Amino acid sequence: MKFVEVAARTVDDAVAEALEQLGAELEQVEITVLEEGNKGLFGLIGSKQARVRVERKSNHEFKREAALEFLRELLKKMDIEARVAGASDEESVDLQIDGADLGILIGRRGQTLDSLQYITTLAVNRRGGEWIRIRLDIGDYRAKREETLRSLAQRLANKADRTGRRVALDPMNPAERRIVHRELQGFPGVKTQSEGKEPHRRVIIFPN
Amino acid sequence: MKSLVEFLGQSLAEFPDQVSVEEVDKGYETVYQLYVAPEDMGRLIGKQGSIARAIRTIVKAAAIKSGAQVHVKINENQ
């Protein structure tokens, strides 16, 4: 992380100077005031310069905070009370929503959750910097859904194998289809393939 | 609801100051006409309408509590 230390007459002046040196916006940095500064008597006796340390946030830190801010504002405008927390590393930002109206936020088959994740990803990555993946979960919806999908995949694969007929699953988003494909990789007697156009694309299980 | 549509539009647009929303009450439903700069149409609609679809899903979810029928239309500024 890049940082500069700048001294000037006031804290504001020092921050402005530091931002210029870093070529950064206010929202992209973390500011520590090292010395408040003091105008002194008539600006002469005992005057002391203000000193600040201004550090540029890394791309994922910046995007995590932008994502949290965006989601909180969005939920407020949706008139939904919920808490949002986030963690991030170089590759992705993980956001978690908890609160009361979770059913509304998840939607039918997680459609609203997927839309929230998609729009947050776009809104945050639009601000420049390297594109970063944003994952959003509400309660433990995704974890539970993955479990459901995996047992469903096993059951339908058995059926396809037993009956010798292809079995079509409900339409799913790419992430959910991936879970099904992965689960049935190496399942004896069947293979999987996706068919159809988004958002109606679905996994088909074929008997060998 | 209007401010939600506006916020979504401004968050996705390259020219947020050219985003505006008109609320039209049709009795059985409320239509939100979202106006954006012509250059921003792609950013608001997306491939095969994927972004527009996500915007509508979120606005409809927000309308569930009030039980209102809502519809979002995306238009170019003239």
Side-chain angles (χ1 to χ4, degrees), chain A residues 27 63 65-82 84 95 97 99-128 131 134 136 138-139 141 171-175 196-201, chain B residues 1-23 25 29-74:
Chain A
E27 52 179 13
K63 296 214 161 148
E65 271 157 52
L68 285 171
E69 194 187 318
F70 173 79
L71 260 185
R72 285 182 184 134
E73 186 66 25
L74 181 60
L75 293 174
K76 206 163 90 188
K77 296 215 184 287
M78 290 175 80
D79 200 19
I80 284 175
E81 256 181 71
V84 191
L95 303 167
I97 299 181
D101 298 321
L102 298 186
I104 287 181
L105 289 181
I106 294 169
R108 207 171 122 256
R109 282 204 213 106
Q111 244 175 31
T112 310
L113 167 57
D114 289 336
S115 296
L116 290 168
Q117 174 176 294
Y118 185 40
I119 295 292
T120 306
T121 305
L122 292 172
V124 167
N125 281 306
R126 188 186 59 97
R127 302 186 184 197
W131 193 91
I134 292 182
L136 176 62
I138 300 181
Y141 176 81
M172 289 171 198
N173 65 34
K197 272 197 167 351
E198 301 282 10
H200 304 292
R201 202 164 163 78
Chain B
M1 201 59 70
K2 186 178 168 186
S3 78
L4 170 65
V5 178
E6 198 170 55
F7 175 69
L8 286 168
Q10 285 171 345
S11 301
L12 298 170
E14 181 83 37
F15 305 100
D17 53 335
Q18 290 187 47
V19 171
S20 65
V21 179
E22 195 189 332
E23 186 174 340
D25 185 359
E29 67 168 7
T30 308
V31 179
Y32 294 91
Q33 297 281 5
L34 174 59
Y35 292 94
V36 303
E39 299 90 329
D40 270 331
M41 282 303 277
R43 265 182 214 93
L44 271 289
I45 289 172
K47 274 188 209 147
Q48 290 157 21
S50 61
I51 300 173
R53 191 158 52 234
I55 292 174
R56 291 190 181 112
T57 304
I58 291 172
V59 174
K60 287 201 162 128
I64 288 177
K65 277 211 268 187
S66 66
Q69 284 290 321
V70 296
H71 195 73
V72 179
K73 284 188 178 157
I74 300 168

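For the numbers below, each heavy atom of this structure counts, side chains included, while hydrogens, waters and symmetry mates do not. Since this is a predicted model, take the numbers as computed values, not measurements.
The backbone N or O of A:L136 lies less than 3.5 Å from a partner atom in the side chain of A:Q117, making a donor-acceptor pair. A donor-acceptor contact shorter than 3.5 Å links the side chain of A:R126 to the backbone of B:A13. Here the side chain of B:Y32 pairs no donor or acceptor atom with the backbone of B:V70 at under 3.5 angstrom.
Considering A:T112, A:I138, A:I80 as possible partners of A:I104, the one that fulfils the side chain to side chain contact (heavy atoms under 4.5 Å, CB included) test is A:I80.
Of the two parts of B:I64, only the side chain, counted from C-beta on, holds a non-hydrogen atom closer than 4.5 Å to a non-hydrogen atom of chain A. Neither the backbone nor the side chain of B:A63 comes within contact range of chain A, judged by heavy atoms closer than 4.5 Å. Only the backbone of B:Q10 comes within less than 4.5 Å of a heavy atom of chain A; no side-chain atom from C-beta onward does.
The side-chain hydrogen bond (donor to acceptor under 3.5 Å, both in side chains) check on B:K65 picks up A:D101, with sequence neighbours excluded. Checked against salt bridge (charged side-chain N to carboxylate O under 4.0 Å, His left out), A:E65 has the following partners two or more places apart in sequence or in another chain: A:K57.
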For B:V36 and B:L12, run side-chain contact (heavy atoms from CB on, under 4.5 Å): C-alpha distance rounded to whole Å, both residues' side-chain angles, the deciding distance at 0.1 Å, then the answer. CA-CA 10 Å; B:V36 303; B:L12 298 170; over 6 Å; no
Checking B:Q33 against B:V31 for the side-chain contact (heavy atoms from CB on, under 4.5 Å) test, could you report, in this order, the C-alpha distance in whole Å, the side-chain angles of both residues, the deciding distance, and whether it holds? CA-CA 6 Å; B:Q33 297 281 5; B:V31 179; 4.0 Å; yes
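With rounding to the nearest 0.5 angstrom, the CD1 atom of A:I134 is 12.0 Å from the CG atom of A:L116. Atom CG of B:L34 and atom CZ of B:R56 lie 9.5 Å apart (nearest 0.5 Å).
The choice from B:I58, B:T57, B:L8 that makes the most heavy-atom pairs within less than 4.5 Å of chain A is B:I58. Heavy-atom pairs under 4.5 Å with chain B peak, among A:K197, A:K77, A:K76, A:E198, at A:K77.
Nearest heavy-atom pair, A:G196 versus A:R201, reported as atom, atom and distance to 0.1 Å: O-NH1, 2.8 Å.
Residues of residues 68-75 of chain A that come within less than 4.5 angstrom of chain B, heavy atom to heavy atom, are A:F70, A:E73, A:L74 in numerical order. When the heavy atoms of residues 37-52 of chain B are compared with those of chain A, the residues falling under 4.5 Å are B:Q48, B:S50, B:I51, listed by number.
For B:E29, the CD atom sits in a packed shell: over 12 heavy atoms of surrounding residues, nucleotides or ligands are nearer than 6.0 Å.
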